[in-house]
> 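Got a structure for you, written out below as structure tokens; questions coming shortly.
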Amino acid sequence: MGEYFKNIYTGLQSFIAGLQLSLHHYHSRKKLVATLQYPHEKWPVEERHIGFDLQEYNVVRSRLHVDINDCIGCNQCVRACPVDCITIESVKPPKGSEFDPGTTSNGTQKRMLVARFDIDLTECMFCNLCTYPCPEDCIYMVGGPNSAKHQIEYEYSKRDRKDLIFRFANPSEEEIIAAGGADYLAKKKGLPPPEKPAAEPKAKPKTAEPKINYEPVNAITDRMTRSLAKKAYTAAVRAGKTASETAVAVKQALEEAGKYSSDLDTVMESIGKAELMTQAGPAPEKKVVEQPAGGLDIKLLNDLTDRMTRGIAKKAFMAATREGQDAKAVVRSIQTALEAADKFTDEVKAVLAKLESPGEAPVKPAAAPKTAAPALNIKVLNGISDKMTRGLAKKTFMAAQRAGKSPADIVTEVKETLEDAGKLTPEFAKIIDSLREDA
Ligand code: SF4
Ligand code: SF4
């Protein structure tokens with residue numbers, strides 16, 4: 001009997017002890033230690049400190065992002081992807097189209113409209129291979145060295161698998177049609193391609209169809225402003241507005257885009273007085289003869305030693321010449337393009353001065369060393385029996401010569417390069433030394 005009451009007592013005692021413990025935990029609970037209502041609530045992610053700055057990371061394997069406004073639709077990333085998880089579709093405006101796809105932040109003129117740019121992140125293996133060949137650096141992994149462009153995303157889980165296909169391009173139907181993509185749109189919708197007013201437009205320009213006269217708008221030097229102005233100009237002319245009404249429309253469009261400045265007053269004046277349509281019969285031939293921009297010689301740009309600078313300058317030259325700009329405007333366009341690329345140096349200034357007034361003798365910074373270098377005969381390097389070593393030696397030779405180095409420096413540089421590559425043998429060193437003897 002005593003045992004019976006003892007058990008009841010022990011049971012009650014342990015029940016009260018348990019209750020006390022629960023009450024103790026209940027009263028001393030901390031906030032946010034209970035279940036987190038994920039995905040509505042998330043823990044803050046701690047900053048990682050691994051001893052160096054985010055910018056110094058070589059690469060982070062995070063989520064891919066595309067700055068679509070900078071994408072030129074070159075498909076290099078698609079070709080690089082080993083699992084084919086990038087899909088790009090672009091629309092190329094037909095020849096003679098007024099559609100301007102715009103420029104990238106690097107100043108590259110886009111040639112097409114990227115209508116679709118999808119990355120299927122359910123298939124992506126985050127190898128980062130697609131980012132390397134991109135000429136505009138517009139596809140990249142977020143965070144790390146790219147955190148200034150796009151903050152890292154630690155998590156981008158979705159309820160539906162389809163939402164993991166990231167769609168970066170989203171042009172409107174109007175834009176696609178304006179770029180000449182009516183067929184593309186019809187195909188997307190599974191419709192037959194729209195009927196084209198076939199041969200008619202081709203035949204007409206050959207005879208005497210009046211054309212829109214873009215001469216007054218072409219006087220605008222800034223490419224972006226010009227493109228906006230052209231759009232408004234075309235719309236106004238097509239709507240049958242008078243010259244002064246067209247000038248008002250163009251001015252208004254530029255003001256709305258924040259691109260209007262008092263420098264453009266003269267352009268607006270000339271639009272207000274211009275013949276909006278030209279009688280394009282025999283006229284176009286005349287234009288072709290007049291367009292070589294005051295007889296500017298593109299070959300003068302070969303004096304620019306930096307390859308990238310030379311490329312940008314030539315591209316700007318060609319674009320400006322094609323638009324029929326005069327000599328001064330061409331030089332200004334080149335200067336603007338190089339300034340935008342941070343490549344406007346004293347050397348460029350000298351070359352542009354020479355381009356603008358070819359009669360005057362320019363200051364040629366690298367003239368003196370150039371006379372010394374050609375004294376060496378590159379054929380001497382043919383004595384190097386190993387193909388790879390010979391190639392490397394010749395490449396270094398050419399680069400040093402192009403940089404206007406002295407013969408002694410060229411020889412030293414070739415030797416050093418081979419040594420660094422572990423390819424310099426006493427036999428090869430002798431051949432390289434004989435460069436000077438031969439000279
Ligand atoms: S990270 Fe690799 S797998 Fe993913 S899209 Fe780029 S190339 Fe393809
Ligand atoms: S490589 Fe760069 S520019 Fe070319 S399509 Fe891909 S993202 Fe666009």
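The first residue in the sequence is number 1, and the count goes up from there. First listed ligand is number 1; within each ligand, the first listed atom is number 1. Here the structure is a predicted model, which is why all the values come from computation and not from measurement.
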> Quick one: does Asp303's side chain have a donor or acceptor within less than 3.5 Å of a partner on Val351's backbone?
no
> Using atom types as modelled and distance alone, determine if a side-chain donor or acceptor of Ser62 lies under 3.5 Å from a backbone N or O of Val142.
yes
> Quick check: are there more than 12 heavy atoms from other residues, nucleotides or ligands sitting under 6.0 Å from NZ of Lys343?
yes
> One thing to verify: whether Asp67 and Lys149 come together as a salt bridge, which I'm taking to mean a side-chain N less than 4.0 angstrom from a carboxylate O.
no
> Checking Tyr233 side chain against Asn213 main chain: does a donor-acceptor pair fall under 3.5 Å?
yes
> If you have a sec, work out which protein heavy atom is nearest atom 8 (Fe) of ligand 1 and how many Å separate them, to one decimal?
Cys81 SG, 2.4 Å
> What are the atoms of ligand 1, with element, lying closer than 4.0 Å to any heavy atom of Pro82?
7 (S)
> Checking a contact table here: which protein heavy atom is nearest atom 4 (Fe) of ligand 1, and how many Å away?
Cys124 SG, 2.3 Å
> Out of all atoms in ligand 2, which are within 4.0 Å of some heavy atom of Ile88? Include the element for each.
5 (S)
> Parallel under 30°, tilted from 30 to 60°, perpendicular over 60°: which one fits the rings of Tyr140 and His65?
tilted
> Would you say the side chains of Thr104 and Glu136 form a donor-acceptor pair under 3.5 Å?
yes
> Got more than 12 heavy atoms from elsewhere within 6.0 Å of CG, Asn170?
no
> Give me the residue, atom name and distance of the protein heavy atom closest to atom 2 (Fe) of ligand 1.
Cys127 SG, 2.2 Å
> What protein heavy atom sits nearest atom 1 (S) of ligand 1, and how far off is it?
Asn128 N, 3.2 Å
> Identify, by atom number and element, the atoms of ligand 1 in contact range of Phe126, meaning under 4.0 Å from any of its heavy atoms.
1 (S), 4 (Fe)
> Whether the side chain of Arg167 engages the backbone of Asp118 through a donor-acceptor N/O pair (distance < 3.5 Å, no angle test) should be reported.
no
> Which ligand 1 atoms does Ile86 reach within 4.0 Å, using its non-hydrogen atoms?
5 (S)
> What protein heavy atom sits nearest atom 3 (S) of ligand 1, and how far away is it?
Met125 N, 3.3 Å
> Using a strict 4.0 Å cut-off to heavy atoms of Leu64, name the atoms of ligand 1 that fall inside it.
1 (S), 4 (Fe), 5 (S), 6 (Fe)
> CD1/Ile384 to OG1/Thr389 distance, rounded to the nearest 0.5 angstrom?
7.0 Å
> Does the salt bridge (Lys or Arg N to Asp or Glu O under 4.0 Å) test come out yes or no for Lys187 and Glu89, once each step is laid out?
CA-CA 12 Å; Lys187 206 171 159 192; Glu89 286 167 8; over 6 Å; no
> For residues 414-424, which side-chain donor-acceptor pairs fall under 3.5 Å, sequence neighbours excluded?
from: Lys415; atom 1: NZ; to: Asp433; atom 2: OD1; distance (Å): 3.0
from: Lys415; atom 1: NZ; to: Asp433; atom 2: OD2; distance (Å): 3.3
from: Thr417; atom 1: OG1; to: Glu413; atom 2: O; distance (Å): 2.7

> Using heavy-atom distances, let me know which of Asn75, Asp67, Thr104 sits nearest atom 5 (S) of ligand 2.
Asn75
> So how many protein N, O or S atoms does atom 2 (Fe) of ligand 2 have within less than 2.8 Å?
1
> In terms of atom number and element, which parts of ligand 1 are under 4.0 angstrom from non-hydrogen atoms of Val83?
3 (S)
> Give me the nearest non-hydrogen protein atom to atom 6 (Fe) of ligand 1 as residue plus atom name, then the distance to 0.1 Å.
Cys130 SG, 2.3 Å
